[in-house]
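In what follows, a single structure is set out as structure tokens and then discussed.
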Amino acid sequence: MTAEQEIYKLREELNQHNYNYYVLDTPIISDYEFDLKLKQLQELEAKHPEFFDASSPTQRVGGEITKSFETIQHEYRMYSLDNSYSKEDLLDWENRIKKIIEGEIKYTCELKYDGASISLTYEEGNFVKAVTRGDGFQGDNVTANVKTIKSVPLKLRGDFPSKFDIRGEIVLPFEGFNKLNEERIEIGEEPYRNPRNTASGSLKLQDSAEVAKRPLECLLYNLTGTSLGVSSQFESLEKARDWGFKVPNVAKLVNSIDEVIEFIAYWDEHRHSLPYETDGVVVKVNSLQQQDELGYTAKAPRWAIAYKFKAEQVSTKLESISYQVGRTGAITPVANLEPVELAGTTVKRASLHNADQIAKLDIRVGDMVYVEKGGEIIPKILGVDLSQRTSDSMPTEYINNCPECNTELVRQEGEAQHYCPNYNGCKPQVIGRIQHFISRKAMDIEGLGGETVALLVNEGLISNYSDLYELTKEQVLPLERMAEKSADNLIKGIEQSKSIPFERVLYALGIRYVGETVAKKLAKHYKSIEAIAVASEEALVNVDEIGKKIAESVLAFFQSQENKVIIERLKQFGVQLEMSAEQLEGQTNLLAGQAIVVTGVFETISRNDLKKLIEDNGGKVGSSISSKTTFIVAGDKMGPSKKKKADDLKIPIISEAEFLLKIDN
Ligand code: AMP
Ligand code: ZN
């Protein structure tokens, strides 16, 4: 087999496996085997850039940066839907449409997925672009981000129309949402409130590699275009599924509003077992010809209507409010409720978020409150049943002092949360920070768990993470549940963490807002903790993706005398506080401040390696040509429109060979 044939074969195989896994939910090979094949393809493509294909399964990893999303006109408008809330509403709707069309009407019932609407364009079976709904007439071009979603086919299968748009909803299934939130809590960020906002927020992230990490899914429900070769909504769903789209199997074709009501009743009860959030049912006239006759109002199609589920709610008594202190000192008020059954689980607690939320709801101990459960881990309180409030009820007074250490709380302007400023003396903060330090993605200290950290702090053996490195076996042996072997492992694990690379140490320090990605960026840019510690706020915000909030937090961290001492100690113990010689190899600042666009097909180097070279030499890879572009590295087959844009803006174009010379010092 020639390399070309092998590349094509692997692409086809991987597309099929992707389809089995993400669309059919029935994988036939293991993740490991899949990764092996993908890697094989990556290597072949790197060796043979002449066979580059934007629709290759290797193109999903992301990495493209979008600074501002281009506005794109929808070829066909994206309408909204009228709502209904009862059988009467639905019968009214049927009466209205029966005045316009004659003959039998069938309806397609679908679920209303709660996410971010999206319109995908396909030409000749290739994914071309993805645009958000926006105002219905025009939306944002989020192609680079949507490309990373594995259930969006990059190449279609079977007998598809040559050009069409397909509409759907990008959702974040509960499982992925909850995992994402666990990670947020771990870095001291407030958890996301609900999957829907998180899904739409994800589409607007600048770094598509970040989007690739989020387990988003794209569920499709509408074909738009001419010559689609279908005559009904139900048929178009089936066709779209055949072409490789993820079209949930729940749609049902029915003959009457009574059957619509049955469908609604069934899903109102069973929707909680679905992996993603739904907020209703969408009923559509099935025949496309009848749809045509019915047409649109100013806002919505006449041929469809949404039925909104009532969110499941119960009322229960608020027994008390307690206040939790997080690792960063953030205070979260929690409602302790009289236990009650809701959507299949027993609810005892609900987050009250912050002082404003309590004031807004005017929620008081002893009140009967309404509780609702969406996809979130923690249910939410919607309001108070005032009719049941007793005359002796007193407004809730928010605490002024930390429930753990009694320090007076502070609340910064523009922030919703109160904080305990007792950074070094407040137990949950001290323990939480060390627990974060040893966690898997940070220093990954084997043999030491969260509970042991709490024990060590409570026994007065450590009071910050640098103290870990002075622990002796003799000190830990007397601790509860500590045996000879586990004590050895603990000390060994701590010792081994001294070789954890700088970027992870930086993350482990637990600087507020410095998550894994930001830590990587800072480490790469500054190369040592000393350089970060003396960086000014202006310098920090000039680093890619570092905003004011992060810069201020970094500055504050290094201004603290205590932190200076702790870092000095870490250094003495031999923890990695700078990039190693190995990591620094090949890194220069030759291209600092330059924005470089890479386009076309290259001969001696893969596109990804080229991008990496640019970044290793301090440059930034831009995704589209603009007046800010410093120069373009063009391989073979640079597109004519790009060429014209570059010429118009007088941006220099250099070849791959010229580029390699430029950085060859
Ligand atoms: P609304 O935003 O309340 O006006 O509802 C309209 C939106 O519902 C559409 O823009 C779609 O994004 C979304 N939607 C979710 N599921 C469906 C579906 N099965 N059919 C049509 N629209 C849907
Ligand atoms: Zn405190």
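Just follow the structure's listing: the first ligand is 1, and inside any ligand the first atom is 1.
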Of the backbone atoms (N, CA, C, O) and the side-chain heavy atoms from C-beta on, which set of L81 has a member under 4.0 Å from an atom of ligand 1: side chain, backbone, both, or neither?
both
Closest protein heavy atom to atom 11 (C) of ligand 1, given as residue, atom name and distance to 0.1 Å:
Y221 OH, 2.8 Å
Salt-bridge test for R196 and E277: reply yes if a basic N is under 4.0 Å from a carboxylate O, no otherwise.
no
Look at atom 4 (O) of ligand 1 and say which protein heavy atom is nearest, naming residue and atom and giving the distance to 0.1 Å.
S80 OG, 2.9 Å
Would D114 count as a contact of ligand 1 if the rule is a heavy atom under 4.0 Å away?
no
Please determine whether a side-chain nitrogen of the Lys or Arg among K179 and E182 lies less than 4.0 Å from a carboxylate oxygen of the Asp or Glu.
no
Would you mind checking if R96 and D82 are paired as a salt bridge, meaning a charged N to carboxylate O distance below 4.0 Å?
no
Suppose we measure from atom 1 (P) of ligand 1 to each protein heavy atom; which comes out shortest, and what is that distance?
K112 NZ, 4.0 Å
If you round to the nearest 0.5 Å, how far is CZ of F69 from CD of Q206?
6.5 Å
Give the atoms of ligand 1, by number and element, whose distance to some non-hydrogen atom of K284 is under 4.0 Å.
18 (C), 20 (N), 21 (C)
Rounded to the nearest 10 degrees, what's the angle SG of C426 makes with SG of C420 at the Zn ion (ligand 2)? Could you check?
110°
Top protein contact for atom 2 (O) of ligand 1, by heavy-atom distance
R133 NH2, 3.5 Å
For ligand 1, which atoms, with element, lie under 4.0 Å from some heavy atom of S117?
10 (O), 12 (O)
Classify the side-chain pair Y419/R512 by whether it contains a donor and acceptor separated by less than 3.5 Å.
yes
Is a salt bridge present between E70 and K129, judged by a nitrogen-to-oxygen distance below 4.0 Å?
no
Closest non-hydrogen protein atom to atom 16 (N) of ligand 1, residue and atom name please, with distance?
Y113 N, 3.1 Å
How far is atom 12 (O) of ligand 1 from its nearest protein heavy atom, and which residue and atom is that?
E169 OE1, 2.5 Å
S466 versus N464, side-chain donor and acceptor atoms under 3.5 Å:
yes
N336 and S322 side chains, donor-acceptor separation under 3.5 Å
yes
